[in-house]
Amino acid sequence: MQLNPGQHKAATTLGGPVLVLAGAGAGKTATLTQRIINLIESGAHPQSILAITFTNKAAKEMRERVLGAMRDNAKINFPVFEYGMVPWVGTFHSLGVMIIKEQHQKIGIKKHFAIYDRDDARRAVKEAVKRCDLDPKQWDTKKVLGLISKNKGNFVGLEDFKQNSADSYYTDNLIDIWKEYEAIKKHDHALDFDDLLLETAKLLKHDPEVKKLYQARFAHIHVDEYQDTNKVQYQIVRMLINTETQNIFVVGDPDQLIYSWRGAEVRNIMKFEKDFPTAEVILLEQNYRSTKTIINASNAVIAENKNRFDKNLFTENIEGEQISLYSAYDAREEANWIGQELKALISDKTDTAVKPSEIAVLYRANFQSRLLEEACLKHDIPYQVLGTKFFDRAEVKDILSYIKSAFNPEALVDVRRVINTPRRGIGKVSLVKILSGDESGLSAKVQNELTAFRTILGDIREFAEQYSPSETVAFTIERSGLESMYRESGKDEDLERLANMFELVAVAEKYDTLPKDEAMEKFLEEIALAGDQDSKDDSRECVKLMTIHASKGLEFNTVFVTGVEEDMFTPQPNMDRKAVEDKAEEERRLFYVAMTRARKKLYFSWANMRDVFGSTTVNLMCNFVTDIPGSLIMEEESIARSVFGGNNSFSKRFGNYDGVDDDASDGEQVIEYLDW
């Protein structure tokens, strides 16, 4: 593997604490892979190496690269490779699952526990609100779950929250809801995503023997995207590190921290040298992805941030095209122009035509996608909106809930979901009695339906104990009655739902070769841990539409960044000064991430007027764009030009623009309601 000097230094520094500051497209995965191979060549046992990242997609790529490099390396491709003696590569959440399963007795949970995804957790919180006799309209489940999640991410459990919170109507009721939520999970033998980290951290903190065990097992720790760690992830890493050897290797880039709203703390990476005074700091500044134009423009934008390490990306790639800037009269015109450009790019008869799959249209907020989808339909552009996971589709979750209910008939969340799907005439009153264990007052009809439902669950479990996961999924589709329900409907949308359910059969096939006693459990576990970028098929030949947040870690030949307006990238005015400064820097980092997704061609577009939540806002172009040298930008012809001025090239309109318009109204700020 050919490495540049910075990559080579990182890959060959094998001991002690190492911080690698890797810019966008700087080849960090290749560097991590080579370092792991170098460790094994130097004598490190493969199973003593731990590599943690944030997404299943990134973990899969790294795992495949590491295993491929091991197979191809004659020095280390010895027989133990065939016996699974390989480095452990996965996400923080999968690491938590592994540790909790191994130590389940100390935590007080079954080894084969269920994992609530976000939808399961919201359903459980909704049930908890009802149990507390509170109004669901006043206690929004998404907001309540967000507060619980934020506290857990900050290493604060229910008992800690109770002790440290001042008494008030709101906090007292939140504590009651949280308590009921924990009771529901305990009844279902389940943990949510946040528990996977919190329980792991608590175990490592309070049990010295367990901590010693994993410190001894993982002598060499690697963490990718270290800037995205929250407090509990940071604590897990710190507690896994052997204090004597301090073999911790982290890779990150403060310029790409865009998840503070999920709890990511930029100070974790900024204070690495304070945590480890002997740390080696290595810069990876050569970009292999983008043109010089894109890199120079990106550098100009991010250089305005203060809370960052000083680094400057460079590339040996070609100069490339100027960035195109389009000023639209309103959001509908903006979307229509993008549709026209997409059509021209895709249908170009020359060798400059771009494949649809190599194009991404990015937006700051989910609500922007509607007009963009309409434009794609109008111009006959094949497209896919990323963000809704395949495993979040209702029909897919129904099949999974049938299987999970078969193995755990007391699981309230799963049973509630499918007991009346297809309809069995079990009403809300009857359902409450069933879930509370009071079945004596049920009518004969409901009793018969309940017996039939339990027979279905029993048949599914009996089948699953004898057959593979894929065969079990296929059996469940038929035995549950969902297949006949959708086939008899004959509607296009129902036939598509049926197709999605059978796609789940294909997903399950990769688990069929595992030992029978762990195949189904592994299938359900990995689906529960599926991330935002895990979908049935993200390789279709179509344009990808997604939020900027969802684009993190991806790259495309051509990228459109839409809605580059002040209101879209501006902090809330009701924040305190420090919060405003921090948020402003994060918005700039988000813009930087959007720019650096592009390999060859970058577009910006903005609308002078945009309808947001029923109100029309008059916009200024985002001042991040004005930080870019005018020579790097080419303004496209637009209808808005005839409305707002004549020959208004970028350099003439914005060359001396200072980002301040004294006459401008603050307008309606919308950041609070964006894509999270």
Side-chain angles (χ1 to χ4, degrees), residues 93-94 96-98 100-102 104-105 107-121 123-124 127 183-193 195-196 391-392 394-422 424 426 431 434-435 437 439 450-483 501 504-505 507-530:
H93 288 93
S94 58
V97 170
M98 183 266 286
I100 291 170
K101 280 188 173 182
E102 291 181 352
H104 67 99
Q105 291 178 322
I107 293 175
I109 193 169
K110 294 198 309 184
K111 181 177 182 179
H112 304 299
F113 58 87
I115 301 173
Y116 276 3
D117 63 18
R118 291 299 180 192
D119 189 52
D120 296 330
R123 288 172 180 268
E127 176 65 24
I184 292 169
K185 286 188 297 171
K186 186 174 182 179
H187 178 276
D188 285 2
H189 305 288
L191 298 176
D192 63 26
F193 278 4
D195 294 327
L196 299 178
F391 302 116
D392 276 348
E395 61 273 15
V396 173
K397 289 183 70 68
D398 288 342
I399 296 301
L400 295 172
S401 285
Y402 264 106
I403 295 172
K404 289 189 284 186
S405 297
F407 283 91
N408 183 13
E410 296 182 351
L412 296 179
V413 169
D414 291 306
V415 170
R416 180 189 287 275
R417 181 181 186 93
V418 296
I419 195 171
N420 223 13
T421 306
R424 298 186 173 88
I426 299 176
L431 181 58
I434 293 169
L435 296 178
E439 299 178 15
L450 180 59
T451 300
F453 173 68
R454 286 173 173 163
T455 300
I456 291 171
L457 297 185
D459 290 348
I460 292 172
R461 172 153 191 166
E462 184 178 338
F463 188 95
E465 289 172 346
Q466 301 177 54
Y467 296 93
S468 68
S470 65
E471 292 171 312
T472 299
V473 173
F475 177 79
T476 302
I477 293 171
E478 185 274 327
R479 186 66 182 90
S480 65
L482 290 172
E483 180 176 8
M501 290 193 293
L504 188 62
V505 177
V507 172
E509 286 177 353
K510 73 174 185 176
Y511 301 89
D512 289 350
T513 57
L514 297 177
K516 192 169 290 297
D517 60 344
E518 64 180 68
M520 181 57 72
E521 179 189 0
K522 195 69 175 174
F523 167 64
L524 295 174
E525 175 189 309
E526 292 196 4
I527 285 177
L529 294 176

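Predicted model only: the values in this text are computed from it and were never measured. These numbers come from the heavy atoms of this one structure, side chains and all, not from hydrogens, waters or symmetry mates.
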(request) Check Met520 against Phe407 and note the closest heavy-atom contact, atom names and distance. (result) CG-CE1, 4.1 Å

(message) Quick one, Asp117 and Ile527 - any side-chain contact, counting heavy atoms below 4.5 Å?
(response) no

(request) Test side-chain contact (heavy atoms from CB on, under 4.5 Å) on Ile184 and Tyr116 and set out the steps. (result) CA-CA 11 Å; Ile184 292 169; Tyr116 276 3; 3.7 Å; yes

(request) Sort and list the pairs that fulfil salt bridge (charged side-chain N to carboxylate O under 4.0 Å, His left out) and have at least one residue in residues 510-521, not counting sequence neighbours. (result) Lys101-Glu521

(message) So, using ring pair (Phe, Tyr, Trp, His ring centres under 6.0 Å) as the criterion, who are the partners of Phe475 when residues are at least two apart?
(response) Phe463

(request) For residues Lys397 and Phe391, report the shortest heavy-atom separation together with the two atoms involved. (result) CG-O, 3.2 Å

(message) Checking Ala114 now: which residues fulfil side chain to side chain contact (heavy atoms under 4.5 Å, CB included) with it, not counting sequence neighbours?
(response) Ala190

(message) Distance check, rounded to the nearest 0.5 Å: Asp195 atom CG versus Ile109 atom CD1?
(response) 8.0 Å

(request) List the atom of Ile477, the atom of Met501, and the distance in Å for their closest heavy-atom pair. (result) CD1-O, 3.4 Å

(request) Supply the atom-to-atom distance Lys404 NZ to Leu524 CG, rounded to the nearest 0.5 angstrom. (result) 7.0 Å

(request) Can you sort out the partners of Glu439 under salt bridge (charged side-chain N to carboxylate O under 4.0 Å, His left out), two or more places apart, ordered by chain and number? (result) Arg454

(request) First locate atom CD1 of Ile115, then atom CG of Asp188, and finally report the distance between them rounded to the nearest 0.5 Å. (result) 13.5 Å

(request) Search all heavy atoms of Val473 against all heavy atoms of Ala508 and return the closest pair with its distance. (result) CG2-CB, 4.1 Å

(message) I need the minimum non-hydrogen distance between Arg424 and Val418, along with the two atoms involved.
(response) NH1-O, 3.1 Å

(request) Just jot down the side chain to side chain donor-acceptor pair (under 3.5 Å) partners of Glu410, sequence neighbours excluded, or say none. (result) none

(request) Nearest 0.5 Å please: distance from the CD1 atom of Ile399 over to the CD1 atom of Ile460. (result) 8.0 Å

(message) Checking Arg123 now: which residues fulfil side chain to side chain contact (heavy atoms under 4.5 Å, CB included) with it, not counting sequence neighbours?
(response) Asp119, Val413, Arg417

(message) Please find the pair of heavy atoms, one from Tyr402 and one from Thr476, that lie closest to each other, and give the distance.
(response) CB-CG2, 3.6 Å

(message) What's the separation between atom CG in Leu457 and atom CD in Glu462, rounded to the nearest 0.5 Å?
(response) 13.0 Å

(message) Could you go through Lys185 and Asp192, starting from their C-alpha distance and side-chain angles, then the distance that decides it, and tell me whether this counts as side-chain contact (heavy atoms from CB on, under 4.5 Å)?
(response) CA-CA 8 Å; Lys185 286 188 297 171; Asp192 63 26; 3.5 Å; yes

(request) Step by step, work out the side-chain contact (heavy atoms from CB on, under 4.5 Å) result for Leu431 and Asn420. (result) CA-CA 9 Å; Leu431 181 58; Asn420 223 13; over 6 Å; no

(request) Check whether any side-chain heavy atom of Asp414 lies under 4.5 Å from a side-chain heavy atom of Asn408, and answer yes or no. (result) no

(request) Mind checking the CD1-NZ spacing from Ile100 to Lys110? Nearest 0.5 Å is all I need. (result) 15.0 Å

(request) Check whether more than 12 heavy atoms from other residues, nucleotides or ligands sit under 6.0 Å from atom CD of Gln105, and answer yes or no. (result) no

(message) Is the shortest side-chain heavy-atom distance between Ile426 and Phe453 below 4.5 Å?
(response) no

